[in-house]
Amino acid sequence: MAKKKTSPANGGRDEFTTLMLQRASDAFAFDSEQRRRVKDDMEFAFIPGNQWDDHMAKKRRNRPCYEFNRLRQLIRRVTGQQLKNKPQIKVRATEDGDVDTADIYNGLIKNIEVQSSAETAYDTAFQWSCGGGYGVLRAVADYESGDTFDQCLHIKAVADPLTVFPDPAARELDWSDARYIFVTEIIPLDEFKRRWPKAEAVDFEQPGMDDFDREWWFDDTVRIAEYWYVEDEKRKIYLLNDGTVVDAEEFDPIKDEAANPQDGGEPLTVKSERDVIKPCVYSVIVSGAGKLEEPTKWGGTMIPIVPQWGDVLTVDGKKIYSGMTRFGKDAQRIHNFEMSTLVEIIAKLPNSPLKATPKMIEGLESYYERMGYDDPPVLLYNADPIAPSVGPQREPMSQFPAHLANMSALATDELKANVGVFDASIGARTNETSGRAILARQAEGEISNFVYIDNQVKALKRLGEVLVDAIPHYYDAERSIRILGEDGAEKFIKVNRPTLDEQTGEVKIVNDLSRGKYDVTVTVGKSFDTARMELAEAAQALSGQQGPFGALGQFLLLKTLDLPGMDEYVKAARKQLVNMGLLEPGEGEQPPPPPQPNPKDVADAENKMASAKKSLADAEQTELETQITAFQFGVEVGQGPPLTQPAAPEQPPQGGLFVGNGQYPPQ
């Protein structure tokens, strides 16, 4: 076998390697006892053959040591609940102008999750946090394909979180204050030489490492590490006269041009400046001899590795974390012991011991030994002069050991109580008879273990912050990206696209992912498949109603059916509902035609129009008659006071004449 070297104790190393090896020694030695317990808990719960400790196994010798693993299914109950209620990362804008960009972030993160198979990463971390108390999530960057320079982000599963070693000085639960993190990997020595033919295979053997770490070493393998570290870089920023904050390195080359714009725009000048410290994140592959590759700068300002805890608290400045296994071990061991003993005793019940004198079995010892597992047709024995008329006789059969069965049942109940999963929660029939009581007991079990869901929400919130921080750096060029909606519907949009504003003549960036400020939250709800099933049930109830609500219910029911050829049917139904005015037209859809008028309303309108025409004609007739009358009496139309119907004059004196102006001539 190949023999590997170990790193020298001192000297012969550059400053980078010296610091890296010192940090590796601190990280590998820190918290080793806690990690050992996590490893033992996961093996106890999920790997057969690990539920009997060495002491009890040796004490029983050749007696049966069976495992009746009830703990695994109780843990699966909690992890199954997580599979039904998927947490979702939500990005929310802190300013009104960034709402549309926040929607793009949400759709892009969903697309990252789908392309990365992020569910595997979430489920793996959750299983480790429930079983052992500690899981890990991470994000990575890579090129979209081999023939492009466009980069994208992925969420990756950490199959074994015990290979991740954080900065011992980190005090935040999400490791946001960690200055470095190691992600180790064991690879074959041949693979090491193929990837780095000029490098020397040197292990991380440092004084701080204990036997827990050394058990990973083999003669034909070598451990390497992905070393993430943060370096603070000093930079200058400017506050411009329009309120914009820019980096000095980016603004200095265009400083004169911005102060004297040629297009007549408003000049930009530096109003204030100051020095700031910017954290820069780097990663590099290392071994015990130092760097195997050159460091790579991460696009964001956060190390993209996030812990997911189980049940965690801090005592004397040290994190104590555990999963469901830790508190259920003893009850599970007692259950195994009682059940194994019960099986052993019951197996011996039919074979009650024989009562005989030594003379009766003299010379037949091997024959009687086989009777424990053999069934001979003839019972041979020697006649004993002391008891000539009596042969070997069986003792009465032992009674069923009820105390062992009761003890096993008691251990099972204690196991359920310790892990907080009750009979109603796992579907077992109990003394609850009403649906309300059953739901209350199920809710009690879910609440008792909600700490695992809550800590997953916190881990995903930190992961969302890492993604939001890194997206502007990896999706920085003008490109077309796919975003996904809540129901998985895809949409392609262009981001970082320069567009000329025809009114101002300025070039603006449409869907600029580098602008704006955003918060990250995580919502926990039913998975899309579960929600779709519930929607189908509700839509089926609505579809039986009359009128427009029934039509909408039928449309919702069609959308929930996942059958071949349903897409075209759904499109046709949607078009019909849009034409009916029950749904708003979407992009590219024709608006509904104007509604047909009601015949009664048409008839009433026609009657009103006819009445209006008649009134207008009557008014015109009256006006015409008035003009004729005025002409007959010598009054020119349009002059003098308005024509009015004269009041009835008094009776003229006898012989008087009535003239057109209503006056009586003098007598």
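Not measured: the values here are computed from a predicted model.
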Hey, does [Y] have a side-chain heavy atom less than 4.5 Å from the side chain of [X]?
X	Y	result
Ile285	Glu226	yes
Leu153	Leu108	no
Tyr180	Pro168	yes
Leu460	Leu137	yes
Leu467	Ile155	yes
Ile47	Met42	no
Tyr122	Pro87	no
Arg77	Met324	no

Q: Verify side chain to side chain contact (heavy atoms under 4.5 Å, CB included) between Val164 and Arg138, making sure each step is shown before the conclusion.
A: CA-CA 11 Å; Val164 180; Arg138 68 173 305 184; over 6 Å; no
Any donor-acceptor pair under 3.5 Å from [X] side chain to [Y] backbone:
X	Y	answer
Glu338	Met407	no
Gln332	Arg70	yes
Asp53	Met56	yes
Tyr134	Pro161	yes
Thr124	Ala159	no
Asp177	Ala170	no
Asn336	Phe68	yes
Gln456	Gln308	no
Ser129	Phe126	yes
Glu67	Asn50	yes

Considering only NZ, NE, NH1 and NH2 on the basic side and carboxylate oxygens on the acidic side, decide whether [X] and [Y] come within less than 4.0 Å.
X	Y	value
Glu113	Lys110	no
Arg23	Asp26	no
Glu344	Arg60	yes
Asp519	Arg92	no

(Q) By the definition ring-ring contact (aromatic ring centres under 6.0 Å, His included), identify the one residue from Tyr227, Tyr229, Trp298 that meets it with Tyr282. (A) Tyr229
Got a second to check how far [X]'s [atom1] is from [Y]'s [atom2], nearest 0.5 Å?
X	Y	atom1	atom2	answer
Tyr518	Ile471	OH	CD1	10.0 Å
Cys130	Asn449	SG	CG	7.5 Å
Thr163	Glu185	OG1	CD	8.5 Å

Q) When you measure from the centre of the six-membered ring of Phe165, is the NZ or CZ of Arg35 under 6.0 Å away and within 45° of the axis? A) yes
(Q) Parallel, tilted or perpendicular: which one describes the rings of Trp175 and Trp309, with boundaries at 30° and 60°? (A) perpendicular
Q) Is there a donor-acceptor contact under 3.5 Å linking the side chains of Asp123 and Gln127? A) no
Q.
With side chain to side chain donor-acceptor pair (under 3.5 Å) as the rule and sequence neighbours excluded, what pairs involving residues 313-323 come up?
A. Asp31-Tyr321
In chain order, what residues pass the side-chain hydrogen bond (donor to acceptor under 3.5 Å, both in side chains) check against [X], with sequence neighbours excluded?
X	result
Tyr452	none
Glu490	Arg482
Thr301	Asp469
Asp454	Lys458

Q. Side chain to side chain contact (heavy atoms under 4.5 Å, CB included) with Ser283: which of Ile305, Val140, Thr296, Ile303?
A. Thr296
Q. Side chain to side chain contact (heavy atoms under 4.5 Å, CB included) between Arg333 and Asp330: does it pass, once the steps are laid out?
A. CA-CA 5 Å; Arg333 288 191 178 107; Asp330 290 342; 3.4 Å; yes
Q | salt bridge (Lys or Arg N to Asp or Glu O under 4.0 Å) partners of Glu191, counting only residues at least two apart | A | Arg194
Q | Passing option when Asp41 is tested against Lys329, Arg36, Arg72 for salt bridge (charged side-chain N to carboxylate O under 4.0 Å, His left out) | A | Lys329
Q: Determine, step by step, whether Phe327 and Val419 satisfy the side chain to side chain contact (heavy atoms under 4.5 Å, CB included) criterion, reporting the C-alpha distance in whole Å, the side-chain angles of both residues, the deciding distance to 0.1 Å, and the verdict.
A: CA-CA 7 Å; Phe327 303 100; Val419 300; 5.7 Å; no
Q | Candidate pair Trp128 and Val136, rule side chain to side chain contact (heavy atoms under 4.5 Å, CB included), full reasoning | A | CA-CA 9 Å; Trp128 273 89; Val136 175; over 6 Å; no
